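Inspection log for the structure reproduced underneath, given as structure tokens.
First the proteins, then the strands, lettered A, B, ... as listed; each starts at 1. In this text, all values refer to a predicted model and were calculated from it rather than measured experimentally.
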2 protein chains.
Amino acid sequence: MTARISYTLADVATRAGVSEITVSRVLRNKASVAEKTRERVLAVVREMGYVPNRVAGTLASSGSNLVGVVLPSLSNIVFPDVLRGIHAALAPSGYQPVVGVTDYDQEIEEQLVASLLSWQPAAMILSGLHHTSYTVEMLRRAGVRIAELMDIDATPLDIAVGMSHHRAGIDTARYLHGRGYRRFGYVGHDRSRDLRAARRYEGLRQGLAEAGLSLEGEIAAAAPSSTSAGRELLGQLLAAHRDLDVVVFSNDDMAVGGAFHCFAAGIRLRDELALFGFNGLDIGQALPQPLSTLRSHRFLIGRTAAEMILEPRGADARPVIRDTGYDIIEGETA
Amino acid sequence: MTARISYTLADVATRAGVSEITVSRVLRNKASVAEKTRERVLAVVREMGYVPNRVAGTLASSGSNLVGVVLPSLSNIVFPDVLRGIHAALAPSGYQPVVGVTDYDQEIEEQLVASLLSWQPAAMILSGLHHTSYTVEMLRRAGVRIAELMDIDATPLDIAVGMSHHRAGIDTARYLHGRGYRRFGYVGHDRSRDLRAARRYEGLRQGLAEAGLSLEGEIAAAAPSSTSAGRELLGQLLAAHRDLDVVVFSNDDMAVGGAFHCFAAGIRLRDELALFGFNGLDIGQALPQPLSTLRSHRFLIGRTAAEMILEPRGADARPVIRDTGYDIIEGETA
DNA sequence: CTGTTAGCGCCTTCAC
DNA sequence: GTGAAGGCGCTAACAG
């Protein structure tokens, strides 16, 4: 492998017998280039294997095709789903996502935002509505469109795309109450980091309170959600509270683990103990009895956000909230 | 939100009463700047919320901190796992992954490679060892380190990090034969696109042939792998072949679906029918009976590759293959 | 339809 | 320890 010896516009121009700007116009599909010239230039480009230098192009035109994407995690399928949606909407327009992962840490988010903004992105996509004040200042100053994903329970800088996790919690309580369940348990994961799970939890408690109920038993891991955590924690919860008739999980990963505990312990789902999740993951729906849960629209959130940031911002400059909603999946476990 | 009004080095320099180059030196931690000057400059930088323009910096110095990452998919947790590993190794060094997704299409890969190379990345990470000839030419010409992931069954351009899927297939056959299974079935997904699954399949057949056996029944979907596909296909396979004693799945997603079919149909795992997967996903290990499978090291593959591409290439320029291997997980289903 | 000129913001090189 | 000049590769704006 030789050292980097990439060609420049000037090289192509010389070989094609035209000026740099003509080659530039051909490559950017600008009008006003004779068909014959265009063909000749394109032939030379292909022959030389010329790849334009977008770094230079961006500097000259002050507009890149990069979109900064800051996500809290990639461990759970939720954020890859969002990223797929983003990618699906960006790719046809030739935009490239540049990805950073914060591990749910706002300080890391701040550094990432600075780093991504230094690439003069066309837009920024973040997760959640809470950031450090310096992050917010940098974002405002950047003068590009900003989408904040997943959550719509506060006011965004520019665009929020997601659902209300608080209402989702309330609706979970109402739905399960409506189906006759009265003795509620809860199995959760690390709420101090997953603020959306915390919102659902609060909504759930509020919904129960409105029905004159409360959680009879609850347990939460300090760790991120996982199937194995759900399985273990349900076992522990049931050991302490034998009379629950329904258990709400912080998400489907946890709930599927709960289902596995029931399989292993010979507990009949719904008849003996009802389970309810959150997210509507495939794995839950593929269970022998499909999981009762609430479907979030993760791919849609990513795709919608990416579509919206590509549109120029109006002069009014008021924050926009796009609610992608959620559906209750009846399933067969609650 | 106002228009983009980011400051430049010159703005900072003026306010700090020094020249641009001094500010530049401070920000890049170059020596030969007086401590007092450094402090004053840094104070001004923070006060103004100045964010350097890396586009300009890259153009001037011809070296970026971007790493192009081309993956076939994000739908399956496998590639997010790889991406996590890449991110984990890149982040401490200040490198940023720029991600493209090919959807297993070499033409899309070619376009993505061109697009990513146009950002003058410090290195490129791809998946698999097969690319179009133009892709290969562009990559060679780029003069940067190139890692090809997942597979080591052919010669890479520069670095290959992964495992031999062919040997994995052979070892699966040997292992199961060693445990006394003789009547083999296979449940797969779209092999025309997932070439590594195809390699494992071929290895499996070869391994069986060496033991004087063959697949008594097999079935494959034209679709990507999924839990629900695994569940349905196992049902179909068993309907046609009642006497199998073990079924090998193209991966864990499919195998977990198979386990769900068995739960629903009342088939006792291992006693009546053994199941074997591939990947060693958490979900399989969280099953009431942990799935017998072969663990690939996806995070390790990503992390190793990212570490290797950050090291300068030696003068000898010979391709390097790093085998991250795999482990057999005995589990309780085979 | 094509070309010329003048930067984009920063960093390298050389001078002081 | 600090600064001035020039250029990275490309494109906007203006000529012709």
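Within the 4.0 angstrom heavy-atom criterion, only backbone atoms of the sugar-phosphate kind lie near Leu9(B); the bases stay farther away. Using a 4.0 Å heavy-atom criterion, one finds that Val18(B) contacts the sugar-phosphate atoms exclusively. Counting any heavy atom pair closer than 4.0 Å across all strands shown, Ser32(A) reaches a base atom.
Looking at heavy atoms from C-beta onward, Arg322(A) lies out of side-chain contact with Ile152(A) at the 4.5 angstrom threshold. With contacts defined as side-chain heavy-atom distances shorter than 4.5 Å, the pair Val55(B)/Trp119(A) qualifies.
Look at CD on Gln120(B): it is 16 Å from C1' on dC11(C), rounded to the nearest Å. What separates CH2 of Trp119(A) from P of dC10(C) is a distance of 13 Å, to the nearest Å. Going from atom OH of Tyr7(A) over to atom P of dC10(D) covers 14 Å, rounded to whole Å. Note: CD (Glu20(B)) to P (dT12(C)) measures 14 Å, nearest angstrom. The CG atom of Asn53(A) sits 9 Å away from the C1' atom of dC8(D) (whole-angstrom rounding). As a whole-Å value, the separation of Leu59(A) CG from dA12(D) C1' is 13 Å. The distance between atom CG of Asn29(B) and atom P of dC11(C), rounded to the nearest whole Å, is 12 Å. As rounded to whole Å, 15 Å separates atom P of dG1(D) from atom NZ of Lys30(B).
Distances from the side chain of Ala56(B) to the nucleotides dG9(D), dT11(D), dC10(C) place dC10(C) closest. For Arg25(B), whose side chain is taken as the heavy atoms from C-beta onward, the closest listed nucleotide among dG9(D), dT12(C), dT2(D) is dT2(D). For Ala60(B), the side-chain atoms get nearest to dG7(D) when compared with the rest of dG7(D), dA12(D), dG3(C). Nearest nucleotide to the side chain of Ile21(A), out of dT4(C), dC11(C), dG1(D): dT4(C).
Checked by atom type, the side-chain pair His131(B)/Glu109(B) shows a donor-acceptor distance below 3.5 Å. At a cut-off of 3.5 Å, with distance as the only test, no side-chain donor of Glu148(A) or Ser127(A) sits close to an acceptor on the other residue. Of the N and O atoms on the side chains of Gln106(B) and Thr132(B), not one donor lies less than 3.5 Å from an acceptor on the other residue.
Considering CG of Leu42(B) and CG of Leu27(B), their distance stands at 6.5 Å, rounded to 0.5 Å.
Applying the 4.0 Å criterion to OP1 and OP2 of dG9(D), one finds that Tyr50(A) has every side-chain N and O outside that range. In terms of phosphate contacts, Ser61(A) brings no side-chain nitrogen or oxygen within less than 4.0 Å of OP1 or OP2 of dT11(D). OP1 or OP2 of dA12(D) sits under 4.0 Å from a side-chain N or O of Arg28(A). Distances shorter than 4.0 Å separate some side-chain N or O of Thr37(B) from OP1 or OP2 on dT2(D). Proximity of Thr22(B) to the phosphate of dG1(D): no side-chain N or O atom is located under 4.0 Å from OP1 or OP2. Phosphate proximity of dC10(D) to Ser24(A): absent, as no side-chain N or O sits under 4.0 Å from OP1 or OP2.
Counting atom types as modelled, Arg54(A) pairs no side-chain N or O with a base atom of dG9(D) as donor and acceptor under 3.5 Å.
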